[in-house]
Amino acid sequence: RRAPNMGWLTFTFGLERKFKQLCKRLEVVRTHQQQESLKFLSHFHRQFVLRDGKRNLKPEGRLPVELFELRSNGSALCTRLVQVKAEASQLNSAFCYILNVPLEGNGETSSAIVYAWIGSKSDPDSARLIEQMAEDKFNNPWVSLQVLTEGSEPDNFFWVALGGRKPYDTDADYLNYTRLFRCSNEKGYFTVSEKCT
């Protein structure tokens, strides 16, 4: 989302030539977040995770609380888990979330509680997928994994980690009326295309 062009330039002018020497049929395509092709996303088997932050950034002190929202825009292949701000106001009853609450330690052996939060109006496929992603991506011997339905959240860690209980959207009727368009001038003329309905 906020990545500078330096990584792309380094790859294009340095590493791309080396990769092409190793693999003759290499196809290099630059893509931006939320504009990934279906071919690219199919490699992740609906388990694509977008984290906020920078590469190789070592947090000092205690690890931060992380909240991830399960998003999909029109196709099961386009499903991705996107990190959002860890606040209760980010929740919505129509979606599913993963809340990672670190407890002790710093690194791969740090203990944590991971909650898979299933909104009361979310679809059953999203609920199954969020449980599977929590198990695959966040579970290890030092983690306590809990699946919660909306309304059954414990006050001690869940709400405290989100900064306290706050009002959040309990319905997503706007999804029935929302339309997303992409405006572009990349072909030399202005075009508008609908991305999803």
Side-chain angles (χ1 to χ4, degrees), residues 1-3 33-34 36 40-73 75-172 174-175:
R1 284 183 263 197
R2 294 185 289 254
Q33 185 175 328
Q34 302 293 333
E36 299 90 358
F40 175 79
L41 288 171
S42 68
H43 294 288
F44 296 94
H45 306 287
R46 299 180 69 190
Q47 302 247 340
F48 191 52
V49 179
L50 295 169
R51 291 185 174 270
D52 201 18
K54 297 180 178 180
R55 286 183 295 160
N56 303 326
L57 183 66
K58 302 286 185 208
E60 293 184 19
R62 197 168 169 179
L63 294 171
V65 173
E66 299 172 317
L67 180 65
F68 297 89
E69 179 182 346
L70 186 65
R71 294 185 185 167
S72 179
N73 56 342
S75 163
L77 267 182
C78 294
T79 304
R80 53 180 65 86
L81 197 62
V82 180
Q83 187 172 359
V84 294
K85 197 172 187 177
E87 291 181 351
S89 59
Q90 295 287 328
L91 299 175
N92 188 314
S93 298
F95 301 107
C96 297
Y97 298 83
I98 292 177
L99 178 65
N100 183 16
V101 184
L103 298 175
E104 294 177 359
N106 197 353
E108 293 195 17
T109 60
S110 61
S111 62
I113 298 177
V114 174
Y115 297 104
W117 188 83
I118 300 169
S120 61
K121 297 178 183 171
S122 64
D123 62 285
D125 184 50
S126 294
R128 280 191 300 276
L129 184 59
I130 203 76
E131 289 181 47
Q132 180 185 353
M133 288 182 87
E135 181 72 35
D136 294 347
K137 302 289 183 188
F138 295 91
N139 203 10
N140 68 46
W142 298 276
V143 168
S144 169
L145 177 61
Q146 298 178 24
V147 178
L148 305 173
T149 55
E150 184 177 359
S152 66
E153 305 90 356
D155 286 327
N156 56 351
F157 287 110
F158 185 86
W159 290 116
V160 170
L162 291 175
R165 193 182 294 258
K166 294 180 185 141
Y168 58 87
D169 287 332
T170 55
D171 99 46
Y174 62 86
L175 288 175

Note: S93 and Y168 closest approach over all heavy atoms is OG-CE1, 3.9 Å
When every non-hydrogen atom of Y97 is compared with those of N92, the smallest separation belongs to OH-N, 3.1 Å
Could you check whether F157 and Y115 have their ring centres less than 6.0 Å apart? no
When rounded to the nearest 0.5 Å, the distance separating CZ of R165 from CZ of F158 is 9.0 Å
To the nearest 0.5 Å, atom CG of L50 lies from atom CD of E69 at 11.5 Å
CZ of F95 to CG of D123, rounded to nearest 0.5 Å, is 10.0 Å
For G164 and A88, the nearest pair of non-hydrogen atoms, with its separation, is O-CB, 3.5 Å
Taking every heavy atom of A86 against every heavy atom of L67, the minimum-distance pair comes out as CA-CB, 3.9 Å
Between E153 and W117, the two heavy atoms sitting closest are OE2-NE1, 2.6 Å
Interatomic distance, CZ@R80 vs CG@L70, rounded to 0.5 Å, equals 10.5 Å
State, yes or no, whether a side-chain contact exists between V114 and N139 at a heavy-atom distance under 4.5 Å. no
Which of V65, L148, I113 passes side chain to side chain contact (heavy atoms under 4.5 Å, CB included) with L99? Answer is V65
Open item on the list: Is there a side-chain contact between L81 and I130 in this structure, where contact means two heavy atoms from C-beta onward sitting under 4.5 Å apart?
Closed with: yes
So CG of L129 and CD of Q47: to nearest 0.5 Å the spacing works out to 6.5 Å
- [ ] Go through the steps for D136 and H45 under the test side-chain contact (heavy atoms from CB on, under 4.5 Å), then give the verdict.
- [x] CA-CA 12 Å; D136 294 347; H45 306 287; over 6 Å; no
* Are V49 and Q83 close enough, and set up right, to give a side-chain contact (heavy atoms from CB on, under 4.5 Å), and what steps lead you there? -> CA-CA 8 Å; V49 179; Q83 187 172 359; over 6 Å; no
Q.
Regarding K85 and D52, does a basic nitrogen lie under 4.0 Å from an acidic carboxylate oxygen?
A. no
(request) Flag the pair S120 / T170 as yes when at least one side-chain heavy-atom distance between them is below 4.5 Å, and no otherwise. (result) no
*asked:* Are L162 and Q90 packed together at the side-chain level, in the sense that at least one heavy-atom pair is separated by less than 4.5 angstrom?
replied: no
Aromatic ring pairing F40/F48, orientation class (parallel under 30°, perpendicular over 60°, tilted between): perpendicular
Applying salt bridge (charged side-chain N to carboxylate O under 4.0 Å, His left out) to E150 and not counting sequence neighbours gives none
Here the pair of heavy atoms bringing C96 nearest to S122 is SG-OG, 3.5 Å
By salt bridge (charged side-chain N to carboxylate O under 4.0 Å, His left out), E66 pairs with (sequence neighbours left out) R51
Interatomic distance, CG@D171 vs NZ@K121, rounded to 0.5 Å, equals 4.5 Å
